[in-house]
Amino acid sequence: MATWLMHVPVLTDPAAEIPAWWADAASRGGWLWAHGSQLIDQIRVTLGEFEGVSASLAHVVDRPSMTADDGFVVHFRMRNGTVGVMQSTAGDWGVVVETRVTGSAGSAWIEGVGAVVKAAGPRGVRTVEPPEGARAGQAPPLPEGAVRTTYERMITFGVEYAPYVELATAFAARIGGDDIPPGPQPATFADGVAQMAVLDAIMESAARRGQWVVVEDTGT
């Protein structure tokens with residue numbers, strides 16, 4: 001059983017400044033496509049391919065001009081039999097973060113926002129050292145005045161800095177014809193197609209008031 005849960009207060013203020021396209025459902029704006037896409041990537045890397053989903057999109061904050069969602073709840077089943085939930089909103093006045101996978105032999109989870117990985121089983125709880133390229137790192141400070149709007153603050157939080165350095169290093173190696181450094185491998189276009197298939201299934205399920213939708217097999 002898997003749980004991906006994150007509530008944050010990014011959009012609690014109705015006056016929060018976000019781009020018009022980000023507030024527009026027809027332009028694929030909103031929290032599902034912004035944050036849910038990241039969760040889908042994490043889940044696929046961790047658990048394999050999705051089999052199907054049942055989903056709801058939410059409007060937690062009263063913002064008449066925003067047609068896109070600011071929250072979502074997705075029940076999913078993986079091809080390997082794992083069942084789980086990913087739930088998130090940008091409209092919570094507090095902060096809740098939980099990433100956890102539980103199985104017959106033990107459990108593994110992340111404490112905080114990418115800070116500490118732990119595992120538990122018959123012998124107790126232990127801390128797991130993540131791969132070098134997957135460790136959270138402190139981002140360097142941005143220039144004074146570089147971040148002004150709510151949207152800019154939302155996409156410059158900084159917790160992804162270290163993995164993005166690894167990603168840029170891999171891009172540079174590919175462009176230069178060199179081998180990719182060891183560590184977590186970057187996603188491929190096939191991964192992008194598989195992720196879009198999950199997002200499409202979520203959108204279809206939400207439009208059908210939570211009806212179960214099978215995720216298209218893209219061959220990954």
Side-chain angles (χ1 to χ4, degrees), residues 2-46 50 52-77 83-100 109-115 136 139 142 146-161 163-164 192 194-213 215:
T3 303
W4 263 261
L5 172 66
M6 189 175 83
H7 289 197
V8 290
V10 176
L11 297 178
T12 48
D13 183 355
E17 297 178 64
I18 53 177
W21 68 265
W22 202 92
D24 182 22
S27 299
R28 288 296 185 255
W31 195 239
L32 171 66
W33 287 76
H35 179 60
S37 56
Q38 300 176 17
L39 299 187
I40 293 167
D41 182 50
Q42 292 177 24
I43 294 168
R44 288 188 61 250
V45 169
T46 306
F50 283 75
V53 297
S54 171
S56 298
L57 302 182
H59 293 84
V60 179
V61 177
D62 185 12
R63 191 189 306 271
S65 62
M66 184 170 177
T67 58
D69 68 277
D70 61 11
F72 57 85
V73 180
V74 180
H75 172 233
F76 60 84
R77 183 168 62 239
V83 294
V85 173
M86 54 178 175
Q87 176 183 307
S88 186
T89 179
D92 193 325
W93 288 94
V95 176
V96 179
V97 179
E98 179 74 18
T99 303
R100 191 179 193 95
W109 67 93
I110 301 173
E111 291 189 353
V113 184
L142 293 169
V147 177
R148 296 181 302 274
T149 70
T150 303
Y151 179 75
E152 289 169 341
R153 288 193 294 273
M154 183 166 55
I155 63 175
T156 54
F157 185 64
V159 69
E160 306 95 343
Y161 176 73
Y164 268 109
Q195 177 167 301
M196 290 300 298
V198 180
L199 283 166
D200 285 344
I202 290 172
M203 295 295 290
E204 181 179 347
S205 175
R208 297 183 178 183
R209 301 182 65 82
Q211 180 178 325
W212 186 259
V213 174
V215 176

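None of the values given here were measured: they were computed from a predicted structure. When a residue number appears, it is its place in the shown sequence, counting from 1.
- Contact check for Asp70 versus Thr89: side-chain heavy atoms found under the 4.5 Å cut-off.
- To the nearest 0.5 Å, atoms CD (Gln195) and CZ (Phe50) are separated by 9.0 Å.
- Rounded to the nearest 0.5 angstrom, Ser37 OG and Gln42 CD are separated by 10.0 Å.
- In this structure the side chain of Met203 reaches within 4.5 angstrom of the side chain of Leu57, judged on heavy atoms.
- Contact annotation: the side chain of Thr46 approaches that of Trp4 to within less than 4.5 Å [non-hydrogen atoms, C-beta and beyond].
- Panel note: side chain Thr12, backbone Gly91; no donor-acceptor pair is recorded below 3.5 Å.
- Remark: Glu204 engages Arg208 in a salt bridge (charged side-chain N to carboxylate O under 4.0 Å, His left out) (not counting sequence neighbours).
- Phe76 places none of its side-chain heavy atoms less than 4.5 Å from the side chain of Ile40.
- A donor-acceptor contact shorter than 3.5 Å links the side chain of Arg63 to the backbone of Pro14.
- Applying the side-chain hydrogen bond (donor to acceptor under 3.5 Å, both in side chains) test to Thr150 and every residue at least two apart in sequence or in another chain returns Arg153.
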task = Start with the C-alpha gap between Ile202 and Met86, add the side-chain angles, then the distance that decides, and say whether side-chain contact (heavy atoms from CB on, under 4.5 Å) holds.
result = CA-CA 11 Å; Ile202 290 172; Met86 54 178 175; 3.6 Å; yes
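- Distance check: Leu142 CG to Glu152 CD gives 10.0 Å after rounding to the nearest 0.5 Å.
- For the pair Ser205 and Ser54, the tightest heavy-atom approach, listed with the atom from each and the gap, is OG-CA, 3.3 Å.
- Shortest non-hydrogen contact noted between Leu11 and Ala16 is CD2-CB, 4.2 Å.
- Counting all heavy atoms, side chain and backbone alike, Ser88 lies closest to Trp31 at OG-NE1, 2.8 Å.
- Residue Ala55 comes nearest to Val74 through the heavy atom pair CB-CG2, 3.9 Å, listed as atom of the first residue, atom of the second, then distance.
- The side-chain heavy atoms of Thr67 and Asp24, taken from C-beta on, include a pair separated by under 4.5 Å.
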request  = List the steps and the verdict of side-chain contact (heavy atoms from CB on, under 4.5 Å) for Val60 and Asp92.
outcome  = CA-CA 8 Å; Val60 179; Asp92 193 325; over 6 Å; no
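- Gly29 and Asp69 get closest at one heavy-atom pair: O-OD1, 4.3 Å.
- In this structure, His7 and Gln87 have side chains that are in contact, with non-hydrogen atoms separated by less than 4.5 Å.
- Here CZ of Arg100 is found 11.5 Å from CD1 of Ile110. Values are rounded to the nearest 0.5 Å.
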inquiry  = Please evaluate residues Val61 and Met66 with respect to the criterion side-chain contact (heavy atoms from CB on, under 4.5 Å), reporting the C-alpha separation (whole Å), side-chain torsions for both, the decisive distance (0.1 Å), and the verdict.
reply    = CA-CA 9 Å; Val61 177; Met66 184 170 177; over 6 Å; no
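- Ring geometry for Phe72 versus His35: interplanar angle of 30 to 60°, hence tilted.
- In this structure, Arg28 has no salt bridge (charged side-chain N to carboxylate O under 4.0 Å, His left out) partners at least two apart in sequence or on a different chain.
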